[in-house]
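All values derive from a computational prediction rather than experimental measurement. One is the number of the first residue; the rest follow in order along the sequence.
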Amino acid sequence: MKILKNIFFFIGFTILITNSCKETKSELAKDVLPIDREQLVTRHNIRWAWEERGQIPMGNGEFCVGIDGTGLQTFGGNTMSHWGWHSFPLPEGITEDQIPETGSFFQSKKGERYIGPDMLPEDKKDLGNWMFDNPHIMNLGRLRFVRYDGKELTVEDITSNSKRTLDLWTGTHITQFVVSGKWINDDIWVNPAEMEGSGQQVIVTTYVHPENDQVSVRIESDLIAKGVIKVALDFPYPTLNNREDWVGDFKKTENNNTLLDKISNTRQDFKREVDDFTYHVSLNYSEGAEFKASKFDDSPVYYLEGNGLSELEFSTTYSLDPVSITIPDFNSTKLASSQYWKDFWTTGGAIDLSESTDSRWYELERRIVLSQWLTAVQAAGSWPASESGLMNIDPWRGQFHFEIIFFHQAHFGLWDRWELTDEAISSYQKFIPTARARAKQFGFKGLEWPKSATPSGRSAPWEGNQALLWKQPQPIHFAEIEYKTNPTSETLEKWAEVVEGTAEYMVDFLTLDPETGIYHIQLNMGRGEWGDTIDNPQVLAFWHWGINHAQVWRERMGLKRNPSWDKVLTKLVTFPIKNGIYVDNEGEPMDLTEILGLMPPSKAVTLETAIRTQASIFESKIDELYRVSWNRKMGWRNGMDAVAYAKMHQPEKALHELIGGLGTAYGINGVNRGLGGIYFPTNGALLYAVAVMAAGWEGAPDRNAPGFPDDGSWVVRSEGLIKAP
């Protein structure tokens, strides 16, 4: 018998080797050779034919400048940061001690719980409106080219054959344009064809320093030397507009003061006093260049002139505190930027689709690469990103939203770049005091997280705050993602209070039906994102997963499961099932894509039943029409639906959500504009989705790229990614 076993083993081993040898060399290489990351990244360098107002965000995660076609902000582009928060003066007769630390004026009676809505008292309307608007992120300043006389350079002044490039590998933005004429002192316009050797070309190279909040620029042009054009720096009074050019009022001088301090012949410092917010700016420039403080239309403007230099370099540094460092010059910033971006692209995850035969591979890979750039320059700072990132101010005043923080920040974990989001995600730990006070204020135990938040943890007043319950379990999900990247006792301790307090609130929030002994999620609000409902499917799924996973967290820490939580879990309402599929309160098949996209399967949603349910939905035209309507918009849901379809073994539908033939939804700069304006969550959601599709998830099929089609049309090479929970 032993001899026979050895014979069978030998035969089987021989067959295995023979079959393995049938693989082509390229297929073997795919498993062995690392991805050429420089080639992967640089084939998606942004090459933009002249579009003067088109902005490319450049930054270091904490600080960002929008660069237009001139390499500065001549026609548009804001300078924003995660530390630049301004507040308008309080309404007359109101003092700071009247502002509730939680953002809500409501106070439940002792022993009573209040679910909502969180209404604003009539006598608090003025203060409530102020609290909604403040604090807000602000535009810290703009750098522009202007004419010799200070007048604006116009679009018509520049020829249409100009071009610009962003080299993603080094963070280098280069633009070349030609000024189509020359102004002379009596304002006579001279055509360059009539001017021998006029030298109208301007070359601008722009970098953002990876450590300092600084933009560094080199301008090469005879026009700078001759004084035909010059650089203007000015500062706005903050406004809440979200125009496409610049945020702020550059003409208002009241409560908008700038104090000058000349440090040397090549450095000028500015102290900015905007109401009670103070920040600092330093301008360092080439030896021989000339700095001038002046006014244009009665508003302060600061000019940097070439003064005979045909090559002018300068660095502008922004800071909350006085700039005490020696400002790195252009070449130092160039070296720092090149090293930083090389390190960024050569570490963490990567996905290469270039060997695919499906014609959509290039567009998807472009979106992946540019979304990594966009999130790295805007969402890797001290606070989570807002819906417009650091490019503009959104209707929520640039405050970050705890119901969509997942789409901005979670992808960093799956791409093994947790260090880029660690500080922002630590806002959960920072906000424990206000989260506990908010829960207590409404009569609950534990921690209740805000909707949109300020750096103090105060929520903006809004009657639907209590309704957005899907924000509540998200810190548990973040804790799990970090644990997968760093499964240590330090990670467990870091998240222990957040996970425990979050689950404690979730359990206490439930309402027990005394007749059935079943726990329900009761919502009682006037207006909210999900409307008036009981046991909202998405929220219910999150509650099942979140409470159970808090128990898993306790077990990892060597603690016993909380018996009262387990009791609740056994009695927590589940989705009704009819004919083997999940149905809503009206007996119709329930759309589960958002649920499976955001959370792993649970007792509330099993994968097998979800697959049957979704199949029944696609038998009708209703879902198809819904998908077409949503895909025209392109938002974070597309990424989450892609994750859901991948889990339900429908990879083609997953790809349709991420590409869908809608190339215009992601601009040349990679910025998503699908919801009518800049909508930053879409980029992060896409990165999360493709990481799940490429690296898999708990329970995924044991094959390469389980979320992509397995028919040979997609060749997915990935490395450095982490499997999703």
Side-chain angles (χ1 to χ4, degrees), residues 41 44-61 63-71 73 75-82 137 139 164-168 171 173 175 206 208 242-247 341 362-381 384-396 398 400-401 404 407-409 411-412 631-639 657-660 662-690:
V41 171
H44 300 292
N45 283 346
I46 298 175
R47 300 172 180 86
W48 207 336
W50 182 246
E51 208 292 84
E52 69 285 341
R53 300 186 190 280
Q55 296 173 24
I56 297 176
M58 300 181 66
N60 55 27
F63 166 84
C64 179
V65 292
I67 299 299
D68 72 6
T70 66
Q73 299 160 313
F75 304 114
N78 297 308
T79 303
M80 291 182 163
S81 71
H82 286 294
I137 60 173
N139 185 6
R164 62 195 295 206
T165 302
L166 175 66
D167 180 6
L168 299 165
H173 183 281
T175 185
T206 309
V208 168
N242 56 357
R243 300 194 319 252
E244 291 298 310
D245 47 12
W246 308 284
V247 172
W341 286 108
Y362 184 88
E363 175 59 20
L364 179 56
E365 190 183 85
R366 183 186 78 92
R367 295 181 184 189
I368 294 170
V369 170
L370 293 185
S371 291
Q372 289 178 78
W373 167 270
L374 292 169
T375 54
V377 303
Q378 298 180 79
S386 74
E387 286 187 333
S388 294
L390 291 176
M391 291 188 70
N392 209 328
I393 188 167
D394 66 0
W396 291 91
F400 39 96
H401 306 228
I404 57 172
F407 313 123
H408 289 297
Q409 312 296 147
H411 63 89
F412 286 116
N631 272 330
R632 288 197 183 107
K633 295 179 179 179
M634 293 293 285
W636 58 259
R637 177 166 179 168
N638 292 91
E657 290 294 333
L658 297 183
I659 313 173
L662 301 174
T664 56
Y666 290 77
I668 294 174
N669 55 4
V671 174
N672 176 263
R673 307 182 64 85
L675 294 180
I678 297 168
Y679 195 64
F680 195 44
T682 311
N683 296 99
L686 178 138
L687 289 178
Y688 187 87
V690 294

Any non-hydrogen side-chain atom of Val41 less than 4.5 Å from a side-chain atom of Trp341? no
Sequence-distant partners of Asn242, side chain to side chain contact (heavy atoms under 4.5 Å, CB included), two or more places apart: Asn392, Ile393
Do Val690 and Arg367 come close enough that some side-chain heavy atom pair is under 4.5 Å? no
Heavy-atom closest pair, residues Gly670 and Arg366: N-NH1, 4.2 Å
Grab the two heavy atoms, one from His411 and one from Tyr688, that are nearest each other, plus how far apart they are. CB-N, 3.7 Å
Rounded to the nearest 0.5 Å, the CH2 atom of Trp48 sits from the CG atom of Asp68 at a distance of 9.5 Å
Could you check if a side-chain atom of Cys64 sits within less than 4.5 angstrom of a side-chain atom of Met80, using non-hydrogen atoms only? no
Separation between NE2 (His44) and CD1 (Ile368), nearest 0.5 Å, reads 8.5 Å
About how many Å separate CG of Asn683 and OG1 of Thr375, when rounded to the nearest 0.5 Å? 7.5 Å
Of all heavy-atom pairs between Glu657 and Asn638, which one has the smallest distance, and what is that distance? OE1-ND2, 3.0 Å
Minimum heavy-atom separation for Gln378 to His82, with atom names? O-NE2, 2.8 Å
Going by the rule side chain to side chain donor-acceptor pair (under 3.5 Å), which residues pair with Glu387 if we only count those two or more places apart in sequence or in a different chain? none
Aromatic plane relationship, Phe407 with Trp636 - under 30° parallel, 30 to 60° tilted, over 60° perpendicular: parallel
My understanding is that only one of Thr79, Asn78, Asn139 makes a side-chain hydrogen bond (donor to acceptor under 3.5 Å, both in side chains) with Gln73; could you say which? Thr79
With sequence neighbours excluded, tell me which residues meet side chain to side chain donor-acceptor pair (under 3.5 Å) with Asn60. Asp213
Between Leu370 and Tyr666, is there a side-chain heavy-atom distance shorter than 4.5 Å? no
From CG (Leu374) to CG (Leu687), nearest 0.5 Å: 9.0 Å
Heavy-atom closest pair (Thr682 atom, Tyr679 atom, distance to 0.1 Å) is OG1-CD2, 3.1 Å
Rounded at 0.5 Å granularity, tell me how far CD1 in Ile56 sits from CD1 in Ile46. 4.5 Å
Which atoms form the tightest heavy-atom contact between Arg47 and Ile668, and what is the distance? O-CG2, 4.2 Å
Check for a donor-acceptor pair, side chain of Thr206 on one end and backbone N or O of Gly71 on the other, with a separation under 3.5 Å. yes
With the side chain counted from C-beta on, respond yes when Gln409 and Pro384 share a heavy-atom pair under 4.5 Å apart, and no when they do not. yes
Less than 4.5 Å apart, side chain to side chain, heavy atoms only: is that true for Phe680 and Asp394? no
Tell me if a side-chain donor or acceptor on Thr175 pairs with a main-chain N or O of Thr70 at a distance below 3.5 Å. no
Full working for side chain to side chain contact (heavy atoms under 4.5 Å, CB included) between Asn45 and Leu166: CA-CA 6 Å; Asn45 283 346; Leu166 175 66; over 6 Å; no
